[in-house]
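Report on the following structure.
We count ligands from 1, going down the list as the structure has it; atoms in each ligand are counted the same way.
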Amino acid sequence: MDLGITGRKALIMASSKGLGKAVATELANEGVEIMICSRNEEHLRSAKSEIETKTGGVVHYVVGNVTEQSGRENIIQSAKAKLGTVDILVTNSGGPPTGKFEEHDAKAWESAYKLLLESTVEIIKGALPGMKTQQWGRIVTISSQAIKQPVNGLILSNSVRASLLGLVKTLSNELGPYNITVNNVLPGYTETERLTQLRGDTSNWDTFTKDVPLGRVAQPKEFAAAVTFLCSQRASYITGISLPVDGGWIKGI
Ligand SMILES: NC(=O)c1ccc[n+]([C@@H]2O[C@H](COP(=O)([O-])OP(=O)(O)OC[C@H]3O[C@@H](n4cnc5c(N)ncnc54)[C@H](OP(=O)(O)O)[C@@H]3O)[C@@H](O)[C@H]2O)c1
């Protein structure tokens, strides 16, 4: 299937590793010129070189912390300078700390809000004017399966990320008239550095796979395929959804 986005320009947040890098790679494979970002220039240089080698695509990078206003402004300014209009925006960040309710003070809740919601809102604001002017845009937020079925011991993620359900649906209503789609993709357990950290030194993946009907964790490129489709011209009539890529882990219908 030709996804119809060759020559489009994409900004992918938190994308030197893991899910963000996998999405950047798939988009580059489709002929999209991409800009990746994260806090660490060494990670970014290595990701740029890996993606260019794998795809032959054009990859720019910018250093920026998505939790800081100055970092976000730097990211948006660099994207405008290198890409012009951002046609496709994929929001992402690192995950908040694990822990139960009584382990987190007010500061931890504030940090989770900045990491997961404020970063998403402010980056969308920065990329939106160009999409509205050209009457075409794709916005995809990366969140978690935890927003449809809470994961024990991840109360910050379960609570703060759930706000994205309301954000994405409401924004899709507001931006539909501009031919901009807004969707949310919910990763299940996917083999990245983050999951390796959560897994600790256990020698197998059983904790993560026992409730997954497909019986395994995902590979990042399986997640990235779903995001890339939603970023495509072919997904032109899909907006306002929250799509799990979880191997069937969420039990609700
Ligand atoms: N993997 C899973 O199984 C899974 C499941 C559900 C939800 N998620 C969520 O999906 C998101 C991505 O997860 P992942 O598995 O891809 O994590 P990862 O492998 O740890 O990669 C995180 C990426 O985000 C960048 N990053 C982290 N904090 C940042 C910040 N403040 N500003 C800019 N860049 C930042 C990191 O780069 P630098 O270190 O260079 O900044 C890195 O490129 C996380 O929110 C995670 O909680 C993951």
Side-chain angles (χ1 to χ4, degrees), residues 11-26 34-48 50-51 59 61-76 78-79 90-99 111-120 122-123 140-151 153-164 184-200 205 207-209 211-212 216-224 226-227 242-247 249-250:
L11 172 61
I12 306 108
M13 312 305 296
S15 45
S16 65
K17 294 184 177 182
L19 302 178
K21 185 175 77 175
V23 169
T25 306
E26 283 301 319
I34 60 170
M35 174 167 276
I36 56 175
C37 75
S38 84
R39 297 160 301 180
N40 181 305
E41 185 158 14
E42 208 177 303
H43 297 166
L44 285 164
R45 271 208 223 102
S46 153
K48 170 180 158 71
E50 181 190 322
I51 299 168
V59 182
Y61 74 77
V62 54
V63 178
N65 187 334
V66 298
T67 65
E68 291 167 2
Q69 187 57 22
S70 59
R72 294 188 291 259
E73 277 168 11
N74 188 34
I75 292 166
I76 288 293
S78 296
V90 179
T91 70
N92 186 29
S93 69
T98 58
S111 299
Y113 160 78
K114 282 182 178 299
L115 182 68
L116 300 172
L117 184 61
E118 186 183 273
S119 67
T120 308
E122 293 301 319
I123 284 288
V140 174
T141 58
I142 296 180
S143 57
S144 171
Q145 62 186 359
I147 68 177
K148 291 222 172 167
Q149 184 175 310
V151 178
L154 283 183
I155 196 162
L156 292 175
S157 177
N158 298 341
S159 309
V160 181
R161 283 192 212 264
S163 59
L164 285 174
N184 183 20
V185 185
L186 288 46
Y189 296 122
T190 311
E191 197 174 341
T192 63
E193 276 187 22
R194 160 113 174 140
L195 194 64
T196 306
Q197 279 161 11
L198 288 176
R199 179 178 162 224
W205 290 99
T207 324
F208 298 108
T209 56
D211 295 323
V212 178
R216 61 181 177 83
V217 299
Q219 291 305 307
K221 68 179 184 185
E222 295 179 289
F223 172 80
V227 174
S242 285
L243 174 72
V245 182
D246 66 343
W249 180 85
I250 293 168

Considering heavy atoms of the protein only, find what lies nearest to [atom] and give residue, atom and distance to 0.1 Å.
{"atom": "atom 48 (C) of ligand 1", "answer": "L19 CD1, 3.9 Å"}
{"atom": "atom 43 (O) of ligand 1", "answer": "S16 OG, 2.7 Å"}
{"atom": "atom 14 (P) of ligand 1", "answer": "T192 OG1, 3.7 Å"}
{"atom": "atom 34 (N) of ligand 1", "answer": "S38 CA, 3.5 Å"}
{"atom": "atom 4 (C) of ligand 1", "answer": "G188 O, 4.0 Å"}
{"atom": "atom 7 (C) of ligand 1", "answer": "S143 O, 3.4 Å"}
{"atom": "atom 3 (O) of ligand 1", "answer": "T190 N, 2.8 Å"}

Contact with ligand 1 for [X], non-hydrogen, under 4.0 angstrom:
{"X": "R161", "result": "yes"}
{"X": "A218", "result": "no"}
{"X": "G64", "result": "yes"}

To which of [options] does the heavy atom nearest [atom] belong?
{"atom": "atom 39 (O) of ligand 1", "options": "R72, K17, R39", "answer": "R39"}
{"atom": "atom 12 (C) of ligand 1", "options": "I36, N92, V66, N40", "answer": "N92"}
{"atom": "atom 45 (O) of ligand 1", "options": "P96, G71, S93", "answer": "S93"}

> What atoms in ligand 1 come closer than 4.0 Å to a heavy atom of Y189?
Replying inline: 3 (O)
> Taking atom types as modelled and ignoring hydrogens, do the side chains of T67 and N65 form a donor-acceptor contact shorter than 3.5 angstrom?
Replying inline: yes
> To the nearest 0.5 Å, how far apart are CG in L115 and OG in S119?
Replying inline: 6.0 Å
> Is the closest N or O pair between G94 and ligand 1 shorter than 3.5 Å?
Replying inline: yes
> Any ion pair linking R39 and E68 (charged N to carboxylate O, less than 4.0 Å)?
Replying inline: no
>> Yes or no, since that's all I need: does a protein heavy atom fall within a distance strictly under 4.0 Å of atom 29 (C) of ligand 1?
In response: yes
>> Show me the pairs that pass salt bridge (charged side-chain N to carboxylate O under 4.0 Å, His left out) and involve residues 12-25, at least two apart or across chains.
In response: K17-E193, K21-E50
